[in-house]
Structures are given as structure tokens and as C-alpha cells.
J.: 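Supplied in C-alpha cells, the structure appears directly below.
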Number of protein chains: 2
Amino acid sequence: MSAPAASAAFPTAFSPAETHAMQVALDAARQGPRGANPLVGAVVLDPSGEILSVGHHRGAGTPHAEVDALAGLRAHGPLPELSACTMVVTLEPCNHHGRTGPCAAAIADAGIGAVVYAAADPTAEAAGGAAYLADAGVAVRGGLSAEQALELNQRWFRARAEGRPFTTLHIAQTLDGLIAAADGTSQWITGEAARLDSHGIRARVDAIVAGTGTVLADNPRLTARDAGGRELERQPLRVVLGRRGVPEDAAVRGTDGRFLQLDGRDPAAVLGELAARGAGHVMIEGGATVAGAFLAADLVDELVLYLAPLMLGTGTRSTGDLGIASLADASRWRWDPAGPARPLGADLRLTLEPLPLARHNERP
Amino acid sequence: MSAPAASAAFPTAFSPAETHAMQVALDAARQGPRGANPLVGAVVLDPSGEILSVGHHRGAGTPHAEVDALAGLRAHGPLPELSACTMVVTLEPCNHHGRTGPCAAAIADAGIGAVVYAAADPTAEAAGGAAYLADAGVAVRGGLSAEQALELNQRWFRARAEGRPFTTLHIAQTLDGLIAAADGTSQWITGEAARLDSHGIRARVDAIVAGTGTVLADNPRLTARDAGGRELERQPLRVVLGRRGVPEDAAVRGTDGRFLQLDGRDPAAVLGELAARGAGHVMIEGGATVAGAFLAADLVDELVLYLAPLMLGTGTRSTGDLGIASLADASRWRWDPAGPARPLGADLRLTLEPLPLARHNERP
């Protein structure tokens with residue numbers, strides 16, 4: 001057996017401590033919510049390779065993983081000289097001013113001596129962090145566990161590459177895949193805990209889309225509310241898709257001006273319009289026609305499926321026609337790496353993402 | 001505040017050690033498979049209240065929980081005098097010769113000095129164990145955590161009271177509740193691990209029922225097979241429901257004579273016929289018509305739902321009409337107390353039982 005060849009792109013060797021720290025950082029990254037920002041984790045190692053701090057990104061508008069890990073150092077007590085410490089991070093530190101400052105500068109300013117990252121940031125506006133760090137005298141190496149890091153955010157990178165928001169499809173259905181009974185009753189399929197969880201998603205997204213059918217049938221407000229029914233401070237743009245008229249007194253119109261109606265026939269055009277309005281994360285609320293249109297266009301990046309322990313037999317299905325005739329052409333998904341299922345009251349929350357195309361032949 | 005009144009039915013007090021041991025026994029019971037026998041757990045306590053052994057029933061034909069707990073004592077090393085020990089068991093020890101000997105006699109013969117049980121055995125053929133033990137000089141007390149123990153086996157007791165086998169409905173479906181694509185393709189919705197798990201159920205049951213539609217469409221063998229496709233030693237009776245003819249060369253007929261066709265219009269009559277043939281546990285394999293008929297008749301005691309991470313949009317639904325028009329009348333279930341979901345390869349196995357009627361207003 002010959003020794004494995006060094007990677008041409010990343011000839012650098014990594015220590016066992018750095019390799020282990022990267023797995024810890026990847027695990028931390030998986031705890032974050034998917035959305036407008038990628039999942040990122042970061043670990044600070046002392047000169048002996050011990051972990052001083054672990055950070056991860058907790059959603060748009062909150063500190064990036066690197067800053068979170070630096071903040072964690074403060075709770076640590078006496079610290080070694082940071083110039084002798086290494087930060088291990090799953091994505092090349094960003095170099096842009098978004099809602100937060102650039103991480104590359106934060107790392108250099110903190111005096112961290114070395115950075116190991118997994119994957120280069122492929123987005124034009126955030127790239128350049130490694131070069132910034134090197135210029136600032138930080139020893140930078142990349143490529144450790146790069147494939148895992150890229151796969152962790154495969155759908156986020158794809159959304160970015162397509163210049164569109166990251167999308168989360170929300171479905172609340174019975175065990176037999178129905179979102180309303182035969183007589184149209186649908187409130188409530190799921191219990192309070194699941195509904196509160198979905199309001200948490202509403203509060204994180206920039207826009208929420210629903211079809212005119214849902215709006216006319218249920219007259220939903222599409223606002224993010226707390227357990228007491230009070231509207232939260234941060235509210236998504238409320239977007240109704242379809243050409244049917246939305247009544248003047250429809251609850252979805254609200255009074256804050258954050259309401260929009262779009263022709264929903266082309267989901268990609270809808271996302272383009274929302275991207276132009278600054279949306280980084282869009283929640284697809286339903287119903288079946290809208291869900292089916294986004295699924296058929298492969299424009300769903302995350303699926304949050306609340307499964308109520310009910311059976312109805314007949315009623316409204318959760319998804320419309322996806323243009324799939326045969327099992328071999330089924331839309332394929334995989335469970336979220338942070339865990340497939342989580343009980344919420346009497347219901348179960350399932351979280352999935354589309355199976356990367358390269359994995360289509362790998363089902364066990 | 002007045003002191004709580006002593007129970008008229010069970011005036012006996014229980015020690016904290018016995019109360020704790022009963023919870024351990026209930027937890028152990030939940031690990032067993034549901035089927036022809038009730039879920040039962042047993043714990044042996046030493047005179048100081050320490051747990052010496054925990055046992056549970058692992059399925060028809062295997063030792064009962066009490067015998068399992070006694071067997072566990074052998075691995076324990078030096079033991080105290082058993083006449084000073086107490087066995088804590090979730091169900092009154094049985095007094096009948098089934099596939100195994102009576103537990104009451106096994107406990108008395110082992111020399112156990114005292115027995116605490118939760119619920120009396122309400123089945124005529126197994127009852128009388130407490131009286132046998134008392135006659136044998138064992139100090140017997142009942143009623144500790146009786147409600148929990150009865151609820152654990154609520155559907156089993158109900159099946160017994162109705163003089164019918166316990167039933168397990170098996171469904172392997174996509175996320176959107178389909179068991180076949182629009183063109184009829186259905187092999188395989190789930191992966192190997194899930195299929196192997198369902199063959200494990202086949203090997204435990206006495207009979208497996210499927211509709212003529214499934215038999216004509218898929219030509220299944222309905223046998224229990226191992227990972228290599230070889231037939232296991234224990235095979236269920238293969239029962240086809242429906243009036244359409246089953247072809248002479250249909251795989252389900254097999255060559256062992258363990259094949260039966262019944263008119264499936266009355267699920268209760270089907271179960272009555274199978275009870276008369278000695279079946280204690282019946283697996284309902286499908287398809288949608290048969291599943292729907294048993295669900296609509298409230299004759300499903302356990303639901304094993306394999307959920308494949310696929311979406312099809314259009315195809316064959318997993319259940320037929322249940323006669324439910326409105327959400328308020330939905331068929332209500334609860335997750336198995338041993339856990340709602342278990343990954344099996346790329347799929348997820350969900351296990352549920354019907355929500356007891358008394359709990360219908362308790363959804364969180």
C-alpha cells in the first residue's frame with residue numbers, strides 16, 4: 001500500500017487535534033437553524049490542542065460562529081496567549097459587512113495566531129477572508145474536512161448560486177398525509193407546541209408565502225405570534241400567491257404595509273422578486289398547490305413536517321402534483337443531520353433536506 | 001388538608017423501594033414487542049430494597065417477565081435468602097400453562113417470599129395467580145400503579161375482551177402518505193433495513209392478511225425472510241382478503257398449505273375466523289382498502305409506519321375511506337411509550353397505538 005497522495009489544492013497537513021476540533025465544529029454547526037446564513041461552527045484550540053471554546057451560528061442577525069467562539073473565551077477564565085491559539089472553523093471566515101461585522105477582522109483583532117478552515121466561501125460578497133487574515137499576519141490553512149463542510153450547506157450554497165433566498169417548506173399533516181378533512185376543517189391538525197414552533201420559523205424568515213386558496217379558506221394572518229397569541233417584534237413580509245382576489249378585509253393584509261400579492265405560477269420568479277426585496281430566507285406556508293409548485297421546481301431547501309398522530313382517510317393532501325409518474329423518479333430527501341424527529345407535544349417534528357444528487361444511488 | 005384515604009380495593013401500603021421498582025418494571029415492560037401477549041416487566045428486590053434483577057417479556061413463546069427476572073438472578077453472584085426478597089411485577093402473575101409454564105408456580109418454587117403486582121390479570125384463563133401464590137405462602141399485594149399497568153396494555157386487554165387477536169397494521173409510505181407511484185410502481189418505497197424489520201414482525205405474528213388488490217398487483221409471497229432472502233423457520237398463516245380469484249400460480253399460495261382466502265368485507269369476522277384457528281397476533285399488510293377497513297372498524301391495535309424520505313405527489317394513498325368527514329372525528333393515536341421514531345437505514349420507523357378514548361380531550 002502506498003501512502004495517500006497529498007491534495008494538490010491543499011498540501012497542508014493537519015494535526016489530530018485540529019482534525020478532531022473540526023468534527024466538533026461541524027457538530028456545533030448542525031445545531032444552528034437553516035436559513036439566510038450558512039450553518040457554521042468554530043472551535044478555539046490552545047497551544048496543546050485542548051478545546052477552549054466552541055461556537056456556532058444561531059441564525060440571521062446573531063453573531064457568526066467565529067465571534068460566538070471568541071465570546072465563549074471570556075467565560076473561560078485565565079487564557080493562554082491568543083497568538084499561540086488556533087481557531088478551527090467550518091467555513092472560510094467572512095470578509096464582508098452584513099448585519100454583523102466581518103469575522104476575518106474580528107479574529108485578527110482578537111489576536112488569534114492561526115486559523116484552520118474547512119471550505120472556502122464560494123459567495124462573492126463574503127469571500128476574501130483568508131487573504132485578509134494572511135495579510136494581517138495570521139497563519140491560515142484551508143481544506144480540512146472540506147467535503148463535509150460543503151455538503152452541510154449544499155442547499156444553502158445552491159440557493160446562493162441561483163441568486164435566490166433559502167426556502168423552508170412547512171407542512172402540518174396527519175399520519176396519512178392530509179392537511180384538511182373532507183369537510184375542509186383543518187384547525188388544528190397539530191397541537192400548540194408544534195404551532196408555536198412554526199411561529200418561531202415565521203419569526204426568523206424574511207417572507208412567508210401562501211396560496212390564495214389557503215387565504216380564502218382559512219383567512220390566516222401569517223404573522224409570527226408568541227404562545228399568548230401576541231405578535232412578535234420581527235414579522236415576515238406576507239406574500240399571497242395567485243391571481244384570485246384577496247378580500248379587502250382579509251386578515252393577511254394587516255395594517256403594517258408588509259403585504260404583497262404575486263402571480264404564483266412561476267416559483268423561481270416569486271423567489272427572484274423576493275430576493276430583489278432583500279429576502280434571504282422564505283417560508284412556504286402552503287397549501288398543497290403552492291407546496292407542490294415549489295417542490296416540483298426543486299426550490300425547497302428545507303422541509304419541516306409536523307406529523308400529528310391522526311388519521312383522516314379522506315381529505316386534502318399535503319402536496320399537489322409533482323410531475324412524478326414512477327417511483328424511480330421520486331423526489332428524494334434525507335433527514336436533518338441534527339436528528340430526524342423531535343416530539344413537540346403530541347406531535348412529531350420531522351426535518352429534512354433534499355438528497356444531494358450525487359447521493360441518489362446511495363440509499364441503504 | 002386531610003390524609004389521603006386508603007383505597008378500599010387495595011388497602012395495602014407500598015414502600016418507596018417497591019414504588020420505584022414498579023416504575024423500573026413498567027419501563028422494562030415497554031421494551032417488549034406488542035403482540036399475542038401483554039407487555040409485562042418484573043423486578044426482584046433484596047430485603048433492603050436494592051434491585052437484584054429486571055426482566056421483561058420479549059414476545060410470544062419466550063419466557064414471561066417473572067421467569068426472565070428469576071433467570072437474571074443467576075447472573076448476579078451471591079444472593080440473599082430469596083424468601084426475604086420481593087418480586088415487583090406489572091401484571092398479576094399468570095396461573096396457566098400456555099406456551100410456557102405458569103409464572104405463579106415458578107415464583108413460589110423459586111422461594112420468593114413476597115410479590116407486589118400492579119394490575120390483576122382480567123383474562124379468565126390466566127387469572128388466579130395471586131390466589132395460587134397466597135395458598136403457597138407467598139405474601140401477595142396488588143394495585144401498585146395499577147392504572148399505568150392497565151393503560152400500557154389497554155389495546156391488548158381490549159382485544160382479549162373482544163375474543164380476537166391483537167393486530168398490527170403495517171404501512172410503508174412516502175412522506176406524503178403514498179404507497180405506490182402513479183404508474184403503480186411500489187418496490188421499494190422503503191430500504192432494506194425497514195423491510196428486514198417488517199420481516200421480523202412477520203416472523204412474530206400468527207397470520208398476515210393482505211387484500212386481493214395487493215396480491216394481484218405485486219404478487220407478494222407474504223413470508224418472513226432474513227436479510228439473504230431465505231425463509232425463516234416460523235412462518236405466519238398467509239391470508240388473502242377479498243372475493244377476486246387468487247391465481248393458481250400466485251406466490252402467496254406457497255407449497256406449505258399455510259394459505260387461506262377469506263371474504264374481507266367484515267374485518268371483525270376475519271379476526272374471529274383467525275382466532276378460531278389459534279391466531280393471537282395478526283399483521284395487516286395492506287393495501288389501502290384492507291388497511292382502511294380495519295382502521296374504520298377500530299380493529300388496529302398497533303400501527304407500524306415506515307416513513308421513507310420520498311415525495312411522489314400523486315399515487316396510491318396508504319389508507320382508504322375511514323368514514324371520517326370532519327377533523328373533530330379524526331382517528332386519534334399516540335406514539336409508542338418506548339419512543340415515537342427509530343431510524344432504519346434511510347427510513348424512519350414510527351410506532352403508535354390508538355389513543356385511549358378517555359384521553360381524547362387531553363391533547364396538549
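Each chain gets a letter, A, B and so on, in the order the sequences are listed, and its residues count up from 1.
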J.: State, yes or no, whether a side-chain contact exists between B:Asp176 and A:Ile171 at a heavy-atom distance under 4.5 Å.
T.: no
J.: Considering only heavy atoms, which portion of B:Thr174 lies under 4.5 Å from any heavy atom of chain A: side chain, backbone, both, or neither?
T.: neither
J.: Can you tell which of B:Thr319, B:Ile324, B:Leu312, B:Thr314 has the highest number of heavy-atom pairs within less than 4.5 Å of chain A?
T.: B:Leu312
J.: Need one label for B:Leu352: side chain, backbone, both or neither, based on atoms under 4.5 Å from any heavy atom in chain A.
T.: side chain
J.: Between B:Arg317 (side chain only) and A:Gly313 (backbone N and O only), is there a donor and an acceptor less than 3.5 Å apart?
T.: yes
J.: Non-hydrogen atoms of chain A under 4.5 Å away: do they reach the side chain of B:Leu305, the backbone, both or neither?
T.: side chain
J.: Counting N and O atoms only, with roles assigned by atom type, does the side chain of A:Trp333 sit under 3.5 Å from a partner on the main chain of B:Met311, one being a donor and the other an acceptor?
T.: no
J.: Relative to chain A, which of B:Ser326, B:Gly320, B:Ala341, B:Ala182 shows the most heavy atom pairs under 4.5 Å?
T.: B:Ser326
J.: Between A:Asp183 and B:Leu327, which heavy-atom pair has the shortest distance, and what is it?
T.: OD1-N, 4.4 Å
J.: Say you draw a straight line from CG of B:Leu350 to CG of A:Leu175; how long is it, rounded to the nearest 0.5 Å?
T.: 7.5 Å
J.: What part of A:Ser318 gets closer than 4.5 Å to chain B, counting heavy atoms only: side chain, backbone, both or neither?
T.: side chain
J.: Chain A: which of B:Gly177, B:Ala325, B:Ala288 shares the most heavy-atom pairs with it under 4.5 Å?
T.: B:Ala325
J.: Flag the pair B:Trp335 / A:Pro309 as yes when at least one side-chain heavy-atom distance between them is below 4.5 Å, and no otherwise.
T.: yes
J.: Counting heavy-atom pairs under 4.5 Å to chain A, which of B:Ala291, B:Ala181, B:Ala328 comes out on top?
T.: B:Ala181
